[in-house]
Amino acid sequence: MSTSPSRADALVTLTDVTVTWPDGARSLDGVSGSFGHGRTGLVGRNGSGKTTLLRLMTGELTPTSGAVHVAGSVAALPQQLGLDTERTVAAALGIAPVLEAIARIEGGSLDQADFDTVEDRWGTEAEALSALANLGLAGGADLLDRTLGTLSGGEVVTIGLAALQLQRADVALLDEPTNNLDRTARTRLVEAIDAWPAQRSLVVVSHDTELLEHVDRVVEVHGRELRSFDGPWSVYRAAIDAEQQAAADAVRAAEQDVRRQRRDRIEAEDKLAARDRIARRDYTNKRAPRIVMKTWGMQAQQAAAKHRDLHDDRLQRAEGTLREAEARVRDDRSVRIELPGTRVPAGRTVLELAAKGADLPFVVRGPERIALSGANGAGKTTLLREILGLPTAVEPVARLVRRIDEVGHLPQRIELDEEATVLDTVRAAAPRARPQEVRASLARFLFRGSLVERHIARLSGGERFRVALARVLLTDPAPHLVVLDEPTNSLDVDSVDQLVDALSAYGGALLVVSHDEAFLERIGVTRRWEVRAGRLLEAHPASP
């Protein structure tokens with residue numbers, strides 16, 4: 001672990017920053033830290049305040065208390081760039097005013113304002129097209145006139161990244177940049193990050209551990225701390241694991257000390273009680289003058305009080321040490337479930353598709369785990385809709401021949417009834433299950449006690465995801481085929497781990513659209529399909 005960059009070297013400095021929302025909830029509480037030159041990965045659980053930090057850096061948000069200082073200009077690639085569908089590529093790149101001014105000058109304008117707008121940027125169009133081409137989005141001048149709504153999600157992210165490069169800001173911010181990127185676009189993004197100028201600062205919020213292997217340091221938002229670790233994700237993860245092992249060892253040692261101090265205190269009380277019985281017997285038998293025995297009694301009481309105070313103090317110190325050790329151990333966030341009802345025999349046909357130009361059908365049997373890949377816009381989502389029996393706007397690359405009825409679906413965009421409770425949401429998918437059974441199952445999804453009565457509107461992003469996952473996997477009857485569409489998008493690392501835990505317990509077939517190779521490897525993909533050039537193809541088998 002390292003400390004944050006010195007104030008002199010830092011491009012962004014936060015001092016005792018607190019952000020309190022109108023409802024009284026706090027996103028950040030007295031956070032201090034800094035970001036220096038080079039590439040920084042910003043990590044933390046969903047709801048820890050990562051996006052809030054980015055909004056503070058851009059000036060979009062003002063802290064409730066404390067101060068944020070940024071040395072230089074800031075540019076950001078927001079998560080929701082693609083929602084502004086009518087915006088042109090030129091506008092998204094931030095060059096529309098310059099191009100319009102050049103066009104007016106070339107048309108005969110002598111307006112000084114146009115020349116002031118252009119200044120020395122006469123090669124802006126060529127520079128923009130070159131930046132886009134280097135990131136894998138080649139095209140002519142007409143590309144700059146297209147609207148974002150006509151582009152795929154990956155192409156929109158590519159445009160946002162090019163915009164950051166063109167702005168040459170001192171501090172560039174990326175918020176979950178790999179969401180919606182296909183494999184090729186992810187590779188180009190990594191190349192762009194590798195080539196980022198060392199004299200500028202790049203801050204990347206991401207759950208993508210593969211991407212985080214290409215940063216110079218990892219900064220973690222944890223509680224009130226902003227902690228910096230020199231090195232990529234693997235170094236950070238090793239440091240946290242070692243720290244947590246030490247914390248767990250300290251808890252065990254503290255627990256042993258507490259048990260020992262409690263035992264010693266009980267033994268001490270037994271000895272004092274035995275002495276008291278002897279003293280009472282001597283008093284009754286008048287073994288000495290009463291005035292002498294009263295003096296002995298007072299001395300014995302004082303000694304006993306000191307003895308008790310000594311053992312109470314030792315016990316309190318041991319309990320305090322235990323509390324401090326427990327505070328250093330992070331919550332157990334593992335999902336541990338059993339889903340015996342989802343098991344599918346190896347020979348059972350789960351899904352059959354008739355693909356364009358294929359002599360043989362695409363058949364899924366038993367608990368196969370299939371990764372569906374393809375470039376953005378190739379037709380993956382359309383194929384999923386066909387498999388799920390949903391209407392499609394265009395012809396899918398394969399038609400559904402047959403499919404089992406017990407199908408679960410976890411879409412990219414999770415929609416839940418905001419007014420419903422966690423318990424009601426999951427019970428709606430398993431109406432025959434007793435409430436206590438559902439409660440027990442939800443506890444394994446980390447919804448314990450009163451949390452099951454909390455309304456969806458009050459949940460964090462990670463909690464909403466766990467509810468949606470529980471609703472799919474706990475459905476009655478149990479799903480024997482689960483379809484997942486980019487399930488790791490916008491998930492923090494803990495939530496990805498929880499998804500892997502849950503899918504490890506799932507015994508049915510999986511069809512997963514994902515560009516996250518690390519995730520696909522962890523869930524044990526057995527086959528790969530690819531949508532390419534309007535066809536569904538059997539790709540190379542997954543690596544063992």
Side-chain angles (χ1 to χ4, degrees), residues 4-19 27-28 31-44 48-84 87 90-98 117 119 121 124 127-128 131 135 148 156-179 189 192-206 211-212 214-221 226 228:
S4 297
S6 68
R7 295 293 173 111
D9 296 331
L11 289 173
V12 179
T13 304
L14 300 97
T15 306
D16 296 326
V17 170
T18 295
V19 175
S27 177
L28 298 172
V31 170
S32 295
S34 57
F35 295 86
H37 298 81
R39 300 158 300 189
T40 300
L42 181 59
V43 302
S48 62
K50 302 186 297 297
T51 299
T52 300
L53 280 171
L54 297 192
R55 294 176 64 193
L56 288 168
M57 293 182 203
T58 62
E60 177 188 349
L61 185 67
T62 302
T64 308
S65 62
V68 179
H69 175 71
V70 180
S73 57
V74 179
L77 172 62
Q79 281 187 330
Q80 307 301 324
L81 178 63
L83 295 182
D84 191 357
R87 198 177 187 188
L93 291 173
I95 61 173
V98 176
T117 298
E119 294 183 327
R121 301 176 64 188
T124 293
E127 183 184 10
L135 291 170
L148 299 185
V156 170
V157 173
T158 298
I159 289 165
L161 188 60
L164 292 184
Q165 293 180 338
L166 292 172
Q167 291 179 57
R168 297 187 181 86
D170 298 294
V171 180
L173 311 175
L174 304 181
D175 195 358
E176 298 291 359
T178 57
N179 285 358
L189 171 63
I193 289 175
D194 285 341
W196 206 265
Q199 68 273 21
R200 300 207 293 265
S201 177
L202 176 67
V203 180
V204 184
V205 172
S206 181
L211 176 67
L212 291 172
H214 294 265
V215 299
D216 303 310
R217 72 193 62 83
V218 172
V219 171
E220 180 196 45
V221 188
L226 199 60
S228 182

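Every value quoted in this text rests on a predicted model; they were computed, and no experiment measured them.
Considering only heavy atoms from C-beta on, I95 stays 4.5 Å or farther from E127 through its side chain. Side-chain contact between P177 and L211 is present, with heavy atoms from C-beta onward closer than 4.5 Å.
Note: R39 CZ to S201 OG = 11.5 Å, rounded to the nearest 0.5 Å. In this structure, the separation between CG on L77 and CD on Q165 is 11.0 Å, given to the nearest 0.5 Å. Distance check: L226 CG to F35 CZ gives 5.0 Å after rounding to the nearest 0.5 Å. The NE2 atom of H214 sits 13.0 Å away from atom CG of L202, with the distance rounded to the nearest 0.5 Å. Atom NE2 of H69 sits about 11.0 Å away from atom CG of L14, to the nearest 0.5 Å. Atom-to-atom distance recorded for I159:CD1 and L164:CG is 12.5 Å, nearest 0.5 angstrom.
Side chain of S32 to backbone of D16: a donor-acceptor contact under 3.5 angstrom is found. Within the 3.5 Å criterion, the main-chain N or O of G66 finds no donor-acceptor partner in the side chain of T15. For the pair S73 (side chain) and D170 (backbone), a donor-acceptor distance under 3.5 Å is present.
Across all non-hydrogen atoms, the minimal contact from L135 to A162 is CD1-N, 3.7 Å. Nearest heavy atoms, L212 versus V43: CD1-CG1, 3.7 Å. Considering every non-hydrogen atom in both P97 and T117, the closest pair reads O-CG2, 3.7 Å. The shortest non-hydrogen separation linking S27 to G49 is OG-CA, 3.8 Å. Shown here for A163 and A92, the closest heavy-atom pair between the two residues is CB-O, 3.5 Å. Closest approach of K50 and V205 over heavy atoms only: CE-CG1, 3.7 Å.
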Could you check L56 against L28 for side-chain contact (heavy atoms from CB on, under 4.5 Å), going step by step and ending with a plain yes or no?
-> CA-CA 11 Å; L56 288 168; L28 298 172; 3.7 Å; yes

Check against side-chain contact (heavy atoms from CB on, under 4.5 Å), R200 and R168 | CA-CA 9 Å; R200 300 207 293 265; R168 297 187 181 86; 4.3 Å; yes

Take L161 and L174 through the side-chain contact (heavy atoms from CB on, under 4.5 Å) test and state the conclusion after the steps.
-> CA-CA 8 Å; L161 188 60; L174 304 181; 4.1 Å; yes

Please step through side-chain contact (heavy atoms from CB on, under 4.5 Å) for the pair V19 and R55, ending with a clear verdict.
-> CA-CA 11 Å; V19 175; R55 294 176 64 193; over 6 Å; no

